[in-house]
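Below, chain A is the first sequence line, B the second, and so on; all start at residue 1.
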Number of protein chains: 2
Amino acid sequence: MSKKQLIMDKSLELFANQGFEATSVQQITDYCGISKGAFYLSFKSKDELIVALIDHFMQQLTVDIDLSVRTTKSDDILYYFYHTTFQAFLKHANFVKLLMKEQTHSLNDELLTKMRYYDRKTDQTILTMIEKVYGEAINKVKYDLIFAIKGLINGYSSYLLFNRMEFDVDLISRSLVEKTDTLARSITIPFITEDYGNMFQQFHDEKVSEDDLYHLIEETIDELGESIEKESLILLKEQIRTPTYHHAIVIGLIENIKNHSQYKWLTYLLTKHFDF
Amino acid sequence: MSKKQLIMDKSLELFANQGFEATSVQQITDYCGISKGAFYLSFKSKDELIVALIDHFMQQLTVDIDLSVRTTKSDDILYYFYHTTFQAFLKHANFVKLLMKEQTHSLNDELLTKMRYYDRKTDQTILTMIEKVYGEAINKVKYDLIFAIKGLINGYSSYLLFNRMEFDVDLISRSLVEKTDTLARSITIPFITEDYGNMFQQFHDEKVSEDDLYHLIEETIDELGESIEKESLILLKEQIRTPTYHHAIVIGLIENIKNHSQYKWLTYLLTKHFDF
DNA sequence: TATACTAATGACTAATCAGTCATTTTGTCA
DNA sequence: TGACAAAATGACTGATTAGTCATTAGTATA
C-alpha cells in the first residue's frame with residue numbers, strides 16, 4: 001500500500017470518530033506510525049487530504065450507483081439502485097459516518113463546490129432511474145420525487161448509523177422500493193416543480209474532455225507495474241486519439257480493467273467515452 | 001434585551017454561517033460590541049453558550065410542534081404538524097441552518113445526549129400524531145413511518161436551505177401530508193419493526209419532577225419585573241406544593257403566561273403537570 | 001567502499017484561540 | 001461630592017496547531 005493510501009485509510013478512521021477539525025495532523029501521523037514530515041511529502045496540506053478523501057469516496061459511491069442504474073435492464077432498477085446504495089454505505093461505513101457528521105462543513109469553497117457537484121450527480125442518477133422506470137407519466141412530479149427519495153435514504157441512514165451499521169440490505173431495499181413506487185404512482189401535489197430541472201441541464205450535456213481522460217490514463221499507466229492492465233491502458237490510450245480497432249476489441253480492453261475496484265472511475269469514464 | 005440574549009442572538013448568526021469551531025469568542029464579542037471579559041460574565045465557557053443555544057431553540061421547536069399535535073382535534077392533524085414544523089423552521093432559519101451544518105458534531109457528550117433526547121422527543125411527537133390519525137391499523141408499520149416522515153422533512157429542508165428559505169409553507173405542508181397519507185395506507189414491508197418501540201418507553205412515562213418545575217418557576221419569577229405574569233407564576237408556584245384553587249383558576253393563571261413566547265417551555269411543563 | 005540521491009525525521013516557528021485577572025469605568029448610594 | 005460596589009475592559013497566559021526545514025537514515029550505483 002502506498003503511503004498516500006495508508007494516510008487516507010487511517011485518517012478516515014480518526015475523522016469518522018472525531019471530525020475534521022478535532023483531528024490533528026500529529027494524531028494522524030502517530031496513528032500511521034510515520035513522522036509529520038512524511039505526511040507533508042504525500043499531501044501539501046491537511047485540507048488537501050480532506051479533499052482527496054471526499055473525492056476518492058464520493059467517486060466510489062456515485063460511480064457504483066450510477067453504473068448500476070445505467071446497466072440494469074430489468075424491471076428491478078429501483079431495487080438494484082437501493083441495494084447498490086446501501087451495499088456501498090456498508091462498505092464505506094466510516095466515510096458515510098464522516099459525511100453525516102460534517103454535512104456541509106464550511107472548510108473551504110472548493111469542498112463545498114465538490115459536495116454540491118456530487119449531490120447534483122446523485123440527483124441526475126435518480127432522475128435517469130425514475131425516467132427509465134416510469135417514463136413520461138412521471139414528468140410532472142419527477143423532481144419532487146428525487147427529493148423524497150434522497151430524504152428517505154437519509155432518514156433511514158441515520159437510523160442505521162445509530163445502530164452500528166448492521167442491517168439487512170435486502171430488506172431495506174425492498175422496503176424503500178415499495179415506498180418509492182407508492183409515491184411515484186400517487187403524488188399529485190409536488191412541492192418541487194418542473195423548473196427545478198433547469199439546474200440539471202449542465203449535467204445532461206456533461207462529458208469529460210478527451211484531454212482529461214487522456215491524461216488520467218497516462219497517470220494511471222505510470223502507477224502500474226507491468227501487467228495486462230497496463231498493456232490494455234496503453235492500447236486504449238492510443239484508441240482515444242486514433243480509433244482503429246473494432247468495437248469488440250475496445251470493449252474487451254475495458255473489461256480487462258473493469259474488475260479492479262481502484263480503477264472504477266477510469267472504467268466509468270472510458271465506458272462513457274466509447275459510448276455504451 | 002439582556003446581555004445573555006444579545007450574545008445568543010448575535011452568535012447564532014455567526015455560528016450559522018461559519019460553524020461552531022470556526023467562530024472565535026473574540027469574533028462574537030466584536031460582533032456584539034462588548035469585551036471578551038463581558039462574555040465570560042454571561043457564560044462560563046464557549047461550550048456553555050453552545051449548549052444554551054441548542055437548548056433554547058430545540059425547546060422552541062419541539063414544544064411548538066408537540067403542542068400543535070396535542071391540541072389539534074380536527075382531521076387535519078397531519079397538516080398542522082407539517083405547517084407548524086416548517087413555520088418554525090422559517091422563524092428560526094439560522095438555527096436550522098446551524099443544525100444542518102453541524103449535525104451530530106462531536107463537541108462533547110452533553111450535547112450529544114441532548115440532541116439524542118430531542119430527536120427521541122420528535123419521534124414521540126410523530127408517533128402520537130400517527131396513532132391519533134390512523135389508530136390501530138397503523139401498528140405494524142408505525143415506527144417505520146416515523147423514519148420515513150423524518151426523512152422527508154430532512155430531504156425537503158435541505159432543498160429549502162439551499163434556496164434561501166423562501167417557500168410556500170402551505171404548499172409544502174399539503175405536499176407532505178399527501179405523501180405521509182399515501183405511505184401510511186400502503187406500506188407492507190416496514191424496515192423498522194415494532195421492537196424499536198421499546199426505546200420509547202422512557203418517554204411515555206416521562207414527567208418532569210415537581211422539584212424541577214418548582215425551581216424553574218422560581219428562576220423565572222426572579223427574571224420578571226412586577227407584572228400579571230409574575231403574580232400568576234407566584235400563585236402557580238404555591239399551587240404545585242399545595243393545590244387549593246379550582247381547576248378553572250389554574251387554567252386561567254397558565255393562560256396568563258401562555259402567550260409569551262419566551263415562556264413556552266414553562267407553559268408546556270405546567271400544562272403537563274396540571275394534567276390537561 | 002565512496003558517492004549521490006531520495007526518503008524520512010522531529011524540533012522548531014508562527015499563528016490562533018479559550019480563558020484569566022489586574023485595572024478602569026460606570027452607577028448608586030449617603 | 002466622595003465612598004463603595006458592580007460592570008466592563010483588554011492585555012496577557014498557556015496550550016494547541018499547521019506547516020517548515022536542517023539534519024539523518026537508507027539505498028542504489030559506480
Side-chain angles (χ1 to χ4, degrees), chain A residues 1-54 98 101-102 105-112 219 222-223 225-226, chain B residues 1-54 98 101-102 105-112 219 222-223 225-226:
Chain A
M1 196 193 298
S2 77
K3 189 142 290 174
K4 225 166 171 166
Q5 265 302 317
L6 173 76
I7 294 172
M8 285 174 74
D9 275 13
K10 293 287 186 182
S11 68
L12 179 61
E13 266 184 72
L14 295 173
F15 285 147
N17 289 317
Q18 312 173 331
F20 287 136
E21 303 253 16
T23 306
S24 70
V25 173
Q26 190 69 61
Q27 225 181 323
I28 294 169
T29 54
D30 286 353
Y31 196 51
C32 289
I34 60 171
S35 70
K36 214 171 171 188
F39 175 93
Y40 285 95
L41 290 175
S42 292
F43 295 97
K44 272 208 269 295
S45 68
K46 189 181 167 187
D47 270 16
E48 198 186 87
L49 164 63
I50 294 167
V51 171
L53 274 175
I54 299 274
L98 179 59
K101 212 189 258 294
E102 304 282 331
H105 207 290
S106 48
L107 280 158
N108 56 46
D109 284 345
E110 191 193 350
L111 252 185
L112 223 107
E219 279 172 32
D222 289 343
E223 283 174 15
E226 295 308 323
Chain B
M1 193 193 300
S2 75
K3 189 141 290 172
K4 225 167 171 167
Q5 265 301 317
L6 173 75
I7 293 171
M8 283 174 75
D9 274 14
K10 293 287 186 180
S11 67
L12 180 60
E13 265 184 73
L14 295 173
F15 285 148
N17 289 317
Q18 312 172 329
F20 287 136
E21 303 253 16
T23 307
S24 70
V25 173
Q26 190 68 61
Q27 224 181 321
I28 295 170
T29 55
D30 286 352
Y31 195 50
C32 289
I34 62 172
S35 71
K36 214 170 172 187
F39 174 93
Y40 286 95
L41 291 176
S42 292
F43 295 96
K44 273 206 271 296
S45 65
K46 189 182 167 187
D47 270 17
E48 199 186 86
L49 165 64
I50 294 166
V51 171
L53 275 174
I54 298 274
L98 179 58
K101 212 189 260 291
E102 303 283 330
H105 207 291
S106 47
L107 280 159
N108 57 43
D109 284 345
E110 192 193 348
L111 252 186
L112 221 107
E219 280 173 31
D222 290 343
E223 284 175 14
E226 296 306 323

Value in whole Å for how far the [atom2] atom of [N] lies from [atom1] of [X]:
X: B/Ile28; N: C/dA18; atom1: CD1; atom2: P; answer: 8 Å
X: A/Ile34; N: C/dT9; atom1: CD1; atom2: P; answer: 7 Å
X: A/Glu21; N: C/dC17; atom1: CD; atom2: P; answer: 11 Å
X: A/Asp30; N: C/dG10; atom1: CG; atom2: C1'; answer: 11 Å
X: A/Tyr40; N: D/dT17; atom1: OH; atom2: P; answer: 12 Å
X: B/Gln27; N: C/dT16; atom1: CD; atom2: C1'; answer: 12 Å
X: B/Leu49; N: C/dG19; atom1: CG; atom2: P; answer: 11 Å
X: A/Phe43; N: D/dT20; atom1: CZ; atom2: P; answer: 15 Å

request  = For A/Thr29, report the nucleic acid contact type (base, sugar-phosphate, nothing); a contact means any heavy atom under 4.0 Å.
outcome  =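 Answer is nothing: A/Thr29 stays at 4.0 Å or more from every strand.
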key: Touch class at under 4.0 angstrom, heavy-atom based, for A/Thr23 against every strand present   =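 Since only primed, P, OP1 and OP2 atoms lie under 4.0 Å of A/Thr23, the category is sugar-phosphate.
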ask   = Taking all atoms of both residues into account, what is the closest heavy-atom pair of A/Glu21 and A/Lys46, and its distance?
value =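 Taking A/Glu21 first and A/Lys46 second, the nearest heavy atoms are O-NZ, 3.9 Å.
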message = Strictly below 4.0 Å: does A/Lys36 bring a side-chain N or O up to OP1 or OP2 of D/dC21?
response =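 The answer is no; no side-chain N or O of A/Lys36 sits under 4.0 Å from OP1 or OP2.
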key: Phosphate OP1/OP2 of D/dT17 contacted by A/Lys46 side-chain N/O (<4.0 Å)   =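 No, no such contact exists.
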task = Could you say whether B/Val25 or A/Ala38 is positioned toward the 5' end of DNA chain C, judged by the nucleotide with the nearest heavy atom to each?
result =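 Its nearest nucleotide being more 5', the pick is A/Ala38.
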ask   = When rounded to the nearest 0.5 angstrom, what distance separates OG in B/Ser11 from CG in B/Leu98?
value =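 Reported value, rounded in 0.5 Å steps: 9.0 Å.
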request  = Report the distance from atom CG of A/Leu6 to atom SG of A/Cys32, rounding to the nearest 0.5 Å.
outcome  =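 The CG atom of A/Leu6 sits 4.5 Å away from the SG atom of A/Cys32.
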Given D/dA18, C/dA7, C/dT20, the nucleotide with the shortest approach to the side chain of A/Leu41 =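 The answer is C/dA7, which lies nearest to the side chain.
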query = For A/Met8 and A/Phe43, what are the C-alpha separation, side-chain angles and deciding distance, and is it a side-chain contact (heavy atoms from CB on, under 4.5 Å)?
reply = CA-CA 10 Å; A/Met8 285 174 74; A/Phe43 295 97; 3.8 Å; yes
request  = Mind running side-chain contact (heavy atoms from CB on, under 4.5 Å) on B/Val25 and B/Leu49 for me, showing each step along the way?
outcome  = CA-CA 10 Å; B/Val25 173; B/Leu49 165 64; over 6 Å; no
